[in-house]
Amino acid sequence: MNMSSKTIQLTDALHKYMLSVSLAETDSLRRIREYTANLPDSNMQISPEQGQLMALLVKLINATKVVEIGTYTGYSALVFASAMTEGRVITIDSDAGISKVAADFWKEAGLEDRIEHILGEATNVLEDLISDAATNCSVDLVFIDADKKNYLSYYESAMKLLRPNGLILIDNVLWGGSVIDFENMHPDTMAIRELNQYLMTDKRVEISLVPIGDGLTIARKKNQTEVRLPS
């Protein structure tokens, strides 16, 4: 029997098999994914197996308040809304055109009432949410999947919104493998490297970087009995 001490490399055939024995995607999610696959920036779409993992996390922590930074065509927002028995998803994006596409898919799925879309710059919207007593320190899960240069800022905002034991999910943390190409000094690549190093030493959280999709970091916010939060 072949055993491995590291994550197995997925060939196309093995990936196809993996999905065939594990993926339980709704028709509504499949339609979003198939629509998005024809867009020129379709690489911004998360993989269906990543979506299923995130849905499971929502159920495991009984999340009723989710904040998403980066809506795109609405796949991940619908993942969260579909996994929740009650509550709401607040999703933020600055692209009005693509957000309209997302809203149409949510309506088709019958879950538009569970998803609140806020159009605007994420930094400003997050500050408003932090100032709102209804969301500050009470959010169960935050998903970060937007412009990379602001990832660290989004992470700090997420920490303010998140309740103790809540989760932050951060997409694209392996960035197509370019994080280990140290000749690649593109601002987005450097921002992701900076965030990854920061998370490794942040005593307020415990993390797991999962090699799914383009890399997903799962961070749990520790409670005050586990760590003294910085002032």
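Please read all numbers here as calculations on a predicted model, not as lab measurements.
- Put simply, CD on Glu68 and CZ on Phe80 are 6.0 Å apart, with the number rounded to the nearest 0.5 Å.
- Side chains of Leu78 and Ser28 form a contact here, defined as non-hydrogen atoms less than 4.5 Å apart.
- Annotation: Tyr75 is not in aromatic contact with Phe105 [ring centroid separation under 6.0 Å not met].
- Residue Ile90 holds its CD1 atom at 11.5 Å from OG1 of Thr71, rounded to the nearest 0.5 Å.
- Atom CG of Leu209 sits about 3.5 Å away from atom OG1 of Thr217, to the nearest 0.5 Å.
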From CA spacing to verdict: side chain to side chain contact (heavy atoms under 4.5 Å, CB included), Val205, Tyr155 = CA-CA 11 Å; Val205 296; Tyr155 170 74; 3.4 Å; yes

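- Considering only residues two or more places apart in sequence or on other chains, Met18 meets the side chain to side chain contact (heavy atoms under 4.5 Å, CB included) condition with Leu10, His15, Ser22, Glu49.
- A distance of 5.5 Å separates CZ in Phe182 from CZ in Arg193, rounded to the nearest 0.5 Å.
- Under a cut-off of 6.0 angstrom, the local environment of OH in Tyr17 is sparse, with at most 12 non-hydrogen atoms contributed by other residues, nucleotides or ligands.
- In terms of heavy atoms, Ala77 sits closest to Ile115 at O-CD1, 4.0 Å.
- Between Glu226 and Arg220 there is a salt bridge, since a side-chain N of the basic residue sits under 4.0 Å from a carboxylate O of the acidic one.
- Of the residues Lys65, Arg163, Lys59, the one that meets the salt bridge (Lys or Arg N to Asp or Glu O under 4.0 Å) test with Asp140 is Arg163.
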Could you walk me through whether Leu14 and Ile8 pass side chain to side chain contact (heavy atoms under 4.5 Å, CB included), step by step?
-> CA-CA 10 Å; Leu14 189 55; Ile8 190 172; 3.8 Å; yes

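- Residues Val179 and Leu174 come closest through the heavy atom pair CG2-O, 3.4 Å.
- Looking only at side-chain heavy atoms (C-beta outward), Ile192 and Asn196 come within less than 4.5 Å of each other.
- Hydrophobic clustering (ILVMFWY, side-chain heavy atoms < 4.5 Å, transitive): Met84 and Ile46 are in one cluster.
- Partners of Lys148 according to the salt bridge (Lys or Arg N to Asp or Glu O under 4.0 Å) rule, which considers only residues two or more places apart in sequence or in another chain, are Asp145.
- Heavy atoms only, all atoms of each residue included: Ala55 and Ala83 are closest at O-CB, 3.6 Å.
- For the pair Asp188 and Lys149, the tightest heavy-atom approach, listed with the atom from each and the gap, is OD1-N, 3.9 Å.
- Judged purely by atom type and a 3.5 angstrom limit, Thr26 uses its side chain to pair as donor or acceptor with the backbone of Leu29.
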Glu108 and Arg31: salt bridge (charged side-chain N to carboxylate O under 4.0 Å, His left out), yes or no, with the steps?
-> CA-CA 10 Å; Glu108 179 185 299; Arg31 281 193 286 273; 2.4 Å; yes

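- Under a hydrophobic-cluster definition in which Ile, Leu, Val, Met, Phe, Trp and Tyr are linked whenever side-chain heavy atoms come within less than 4.5 Å, directly or via other members, Val173 and Ile218 are assigned to different clusters.
- Annotation: side chain of Trp106 is not in contact with side chain of Val89 (no heavy-atom distance under 4.5 Å).
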When you look at Val67 and Ile92, which way does the side chain to side chain contact (heavy atoms under 4.5 Å, CB included) test go after all the steps?
-> CA-CA 8 Å; Val67 172; Ile92 307 163; 4.3 Å; yes

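- Between atom CG of residue Leu60 and atom CG of residue Leu141 there is a gap of 11.0 Å, rounded to the nearest 0.5 Å.
- Here side-chain hydrogen bond (donor to acceptor under 3.5 Å, both in side chains) pairs that include residues 92-104, with residues two or more places apart or in two chains, are Ser99-His117, Lys100-Asp104.
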Intermediate values then yes/no, side chain to side chain contact (heavy atoms under 4.5 Å, CB included), Asp128 and Thr135 | CA-CA 9 Å; Asp128 290 341; Thr135 49; over 6 Å; no

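- Checked by atom type, the side-chain pair Gln50/Asp214 shows no donor-acceptor distance below 3.5 Å.
- With sequence neighbours excluded, the residues forming a salt bridge (Lys or Arg N to Asp or Glu O under 4.0 Å) with Glu116 are Arg88, listed by chain and number.
- Ile130 has its side chain within reach of Ser157: a pair of non-hydrogen atoms, C-beta onward, lies under 4.5 Å apart.
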Given the rule in the salt bridge (charged side-chain N to carboxylate O under 4.0 Å, His left out) test, do Glu25 and Arg33 qualify, once you have shown the distances and angles that lead to the verdict?
-> CA-CA 10 Å; Glu25 189 179 41; Arg33 184 164 56 84; 2.6 Å; yes

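- By the neighbour-count criterion of 12 heavy atoms within 6.0 Å, atom CD of Glu34 is densely surrounded, having more than that number from other residues, nucleotides or ligands.
- Note: Leu23 CG to Ser47 OG = 9.0 Å, rounded to the nearest 0.5 Å.
- Tyr154 and Leu119 are not part of a single hydrophobic cluster, where members link through side-chain heavy atoms under 4.5 Å apart.
- Contact detail for Gly51 and Val79: the closest heavy-atom pair is O-CG1, 3.2 Å.
- The side-chain heavy atoms of Pro164 and Lys222, taken from C-beta on, include no pair separated by under 4.5 Å.
- Using a 4.5 Å cut-off on side-chain heavy atoms (C-beta onward), Ile144 and Leu169 make no contact.
- Applying side-chain hydrogen bond (donor to acceptor under 3.5 Å, both in side chains) to Tyr72 and the options Thr91, Thr36, Asp41 leaves one that passes, Asp41.
- Taking the salt bridge (Lys or Arg N to Asp or Glu O under 4.0 Å) definition, one finds that Glu156 meets it with Arg204, sequence neighbours left out.
- The shortest side-chain heavy-atom distance between Val58 and Leu167 does not fall under the 4.5 Å cut-off.
- For Tyr35 (side chain) and Thr73 (main-chain N/O), no donor-acceptor pair under 3.5 Å exists by modelled atom type.
- Linking Ile, Leu, Val, Met, Phe, Trp and Tyr residues whenever their side-chain heavy atoms come within less than 4.5 Å leaves Ile207 and Ile212 in two separate clusters.
- Taking Glu127 as the reference, nothing meets the salt bridge (Lys or Arg N to Asp or Glu O under 4.0 Å) condition, with sequence neighbours excluded.
- Each of Trp175 and Leu199 belongs to its own hydrophobic cluster when Ile, Leu, Val, Met, Phe, Trp and Tyr are linked at side-chain heavy-atom distances under 4.5 angstrom.
- Using a 4.5 Å heavy-atom cutoff, the side chains of Ile170 and Leu195 are in contact.
- Salt bridge status for Glu206 with Lys221: absent, with no side-chain N to carboxylate O gap under 4.0 Å.
- In terms of heavy atoms, Thr189 sits closest to Ser178 at CG2-O, 3.5 Å.
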